[in-house]
Amino acid sequence: MAPTALGFLPVAQPLDLEKSIESGQVFLWRRHDGWFCGPLGGKIAHLRQVEGGLEFEMASNSQEEVIAAIHAFLRLNDPIEEILRQLQADPHLREPLQRNHGLRILRQDPWECLLSFVCSIDANIPRIRSMINALAGHCGQELSLGECRLPAIPNPETLAEVGEAKLRELGLGFRAKYVDPLAKTIAAGEIDLESLRSRPTDEARKTLMLLKGVGEKVADCALVFSLDKLDAFPLDRWVRRAVQEWYFDGEAIPDRAIQAWAKEHFGGYAGYAQQYLFYRRRLDAGRSTF
DNA sequence: CAGGTC
DNA sequence: ACTGG
C-alpha cells in the first residue's frame, strides 16, 4: 500500500472547487462520496472543500509535496483579488462574478489539456468526458486511491501506438485523424509542450497551431488552462455569442476583431474573463450539461 | 445540437 | 464531416 498524505489546507481567498472543476476545463475529475477525485501532478488526488479550506488525500509520503501540487493545480498563487477587481470594472461581468464567485482557472498538465481540447472539437462536455475516459481506459495507467479508480491520460508514446482506427472505435469519430498524428508528433519530441510555458503567448500559440487539429480556439485553451498564458482568450461559439450580444449589440464580428477587442478590453487576464463569460452564457442558455 | 478544424 | 448525450 502506497503511503498516503492527508490533511487540511487553509484557503483564505475566493475558491469554489465544484464550479472550478465542473466548468469544462478538466474532464477526468469525478465526484466520489462528497469528494472530488482526479489526476493531480501525475498522481490521483481526493479534494473536498470545507469551511475555511480544503481537505486532501493523495498518494505521497510528503504533505509539503501534496500542498505544492494543490497550489499549482488551483493556481492559488494567482493575484485573484486583483484579477477580480479588474474584471469588475466591466458591468457585464459583475453578475457572473457574483453568481460564480470562486470559479477559478485551473492549471492542468499541457499534454492532457491539449489532447482534451482536440477532442472537444464539435462535441459537448459530456461527450468530451466520455472520449477522454474511453481513451484513458483503453491504454492509460490505472490509478487508485481508496475506493476511487481513475484511468490516467496515456502518455504520447503509448497513445501513438493505438492507431487511428482504434481511436475511432473508442468513439473519437473524425477527431481520431487529429489525435493520432498529434500523439506521434509529441512522442517524437518535435514540439516540447512544457517549453512553451516560458515563451511569449503569440509565439507559443503559433507553435501549437503547427499541430494538425489545433486551431486558434484549441491552442488558446491549452495556453490558458495549462501553459500560464492568462492573456489568451479562447473564442468558442458560446463566448462569441456572448461578446456579440452583450458588447456589440448583436452584430456579427470577425474573430480577429473580437480578439483585438478582448486584448484591449480585458488585458492580461482575458482568460479569466472568458471563463466567466462562458459559464454565464452556458447557464443562461439553459444547457448546463456539465 | 455539440467549448472547431483543415 | 463522426456520433452520442
Side-chain angles (χ1 to χ4, degrees), chain A residues 19-30 96 100 103-106 108 110 112-135 137-138 162-185 191 205-227 229-230 232-246 252-256 258-259 262 270-290:
Chain A
K19 278 201 164 72
S20 302
I21 284 182
E22 299 189 337
S23 58
Q25 301 184 57
V26 292
F27 303 97
L28 273 174
W29 282 78
R30 49 194 68 169
N100 307 306
L103 170 60
R104 303 287 294 254
I105 300 287
L106 303 173
Q108 57 182 296
E112 172 179 347
C113 187
L114 190 59
L115 180 59
S116 297
F117 281 96
V118 168
C119 289
S120 82
I121 297 171
D122 204 34
N124 56 21
I125 289 172
R127 174 109 192 254
I128 302 167
R129 271 226 234 307
S130 124
M131 286 185 274
I132 297 300
N133 273 288
L135 230 158
H138 177 252
V162 173
E164 183 181 331
K166 185 65 188 176
L167 291 173
R168 282 180 183 271
E169 271 180 53
L170 291 170
L172 296 214
F174 65 85
R175 300 160 200 84
K177 68 173 179 283
Y178 301 139
V179 168
D180 178 58
L182 174 68
K184 291 184 161 99
T185 305
I191 289 177
R205 191 178 199 247
K206 280 179 191 156
T207 304
L208 287 171
M209 288 176 62
L210 294 173
L211 296 158
K212 252 174 257 166
V214 182
E216 300 186 356
K217 193 274 176 179
V218 171
D220 287 338
C221 284
L223 292 172
V224 175
F225 299 141
S226 73
L227 290 168
K229 307 305 180 192
L230 297 183
F233 190 74
L235 193 47
D236 67 6
R237 58 181 76 189
W238 299 101
V239 174
R240 191 177 293 114
R241 269 177 231 172
V243 171
Q244 285 176 193
E245 287 174 17
W246 301 340
I253 309 289
D255 283 357
R256 60 176 187 285
I258 296 181
Q259 290 291 357
Y272 256 96
Q274 176 274 162
Q275 194 62 11
Y276 283 99
L277 292 173
F278 173 71
Y279 205 97
R280 179 185 170 191
R281 192 60 183 77
R282 286 292 314 271
L283 289 176
D284 287 354
R287 299 173 187 282
S288 44
T289 51
F290 288 150

Looking at A:Ser226 and A:Ala222, would you say the former's side chain and the latter's main chain have a donor-acceptor pair under 3.5 Å?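 Answer holds: yes.
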Out of [options], which nucleotide sits closest to the side chain of [X]?
X: A:Ile121; options: C:dT3, C:dG5, B:dT5; result: B:dT5
X: A:Arg127; options: C:dG5, C:dA1, C:dT3; result: C:dT3
X: A:Arg241; options: B:dC6, B:dA2, C:dC2; result: B:dA2

salt_bridge(A:Arg127, A:Asp122) N-O dist < 4.0 Å: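 No, this pair does not count.
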Rounded to whole angstrom units, what separation is found between the [atom1] atom of [X] and the [atom2] atom of [N]?
X: A:Arg282; N: B:dA2; atom1: CZ; atom2: P; result: 9 Å
X: A:Asn133; N: C:dG4; atom1: CG; atom2: C1'; result: 15 Å
X: A:Tyr178; N: C:dT3; atom1: OH; atom2: C1'; result: 15 Å
X: A:Trp238; N: B:dC1; atom1: CH2; atom2: C1'; result: 9 Å
X: A:Leu172; N: C:dG4; atom1: CG; atom2: P; result: 11 Å
X: A:Phe174; N: C:dT3; atom1: CZ; atom2: C1'; result: 9 Å
X: A:Ile128; N: C:dG4; atom1: CD1; atom2: C1'; result: 13 Å
X: A:Ile125; N: B:dC1; atom1: CD1; atom2: P; result: 18 Å

Stepwise side chain to side chain contact (heavy atoms under 4.5 Å, CB included) test for A:Leu114 and A:Leu211: CA-CA 10 Å; A:Leu114 190 59; A:Leu211 296 158; 3.8 Å; yes
At under 4.0 Å between heavy atoms, what does A:Gln275 touch on the DNA or RNA strands: base, sugar-phosphate, or nothing?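 It contacts base atoms.
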Go ahead and name the base partner of B:dC1; Watson-Crick or wobble counts if both distances stay under 3.5 Å, otherwise write none.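 Its partner is C:dG4 (Watson-Crick or G-U wobble, both distances under 3.5 Å).
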Looking at A:Arg175, I'd like to know whether one of its side-chain N or O atoms comes within less than 4.0 Å of OP1 or OP2 on C:dC2.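 Result: no.
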So which one's nearest nucleotide on DNA chain C is more toward 5', A:Ser130 or A:Asp122?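 The 5'-side residue here is A:Asp122.
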Minimal non-hydrogen separation, A:Arg240 against A:Leu235, with atom names: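 Here A:Arg240 and A:Leu235 meet closest at NH2-O, 3.4 Å.
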Who are the ring pair (Phe, Tyr, Trp, His ring centres under 6.0 Å) partners of A:Phe225, not counting sequence neighbours?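 Residues passing ring pair (Phe, Tyr, Trp, His ring centres under 6.0 Å) with A:Phe225: A:Phe117.
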Can a cation-pi geometry be assigned to A:Arg282 and A:Trp238, taking NZ or CZ under 6.0 Å from the six-membered ring centre and within 45° of the ring axis?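 Because its charged atom sits under 6.0 Å from the ring centre and within 45° of the axis, A:Arg282 does stack over A:Trp238.
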Side chain to side chain donor-acceptor pair (under 3.5 Å): pairs with one or both residues in residues 206-222 of chain A, sequence neighbours excluded: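 Pairs touching residues 206-222 of chain A that pass the test: A:Arg205-A:Asp220.
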So which of residues 208-224 of chain A are in contact with DNA chain C, with a heavy-atom cut-off of under 4.0 Å?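 Close to the strand, none.
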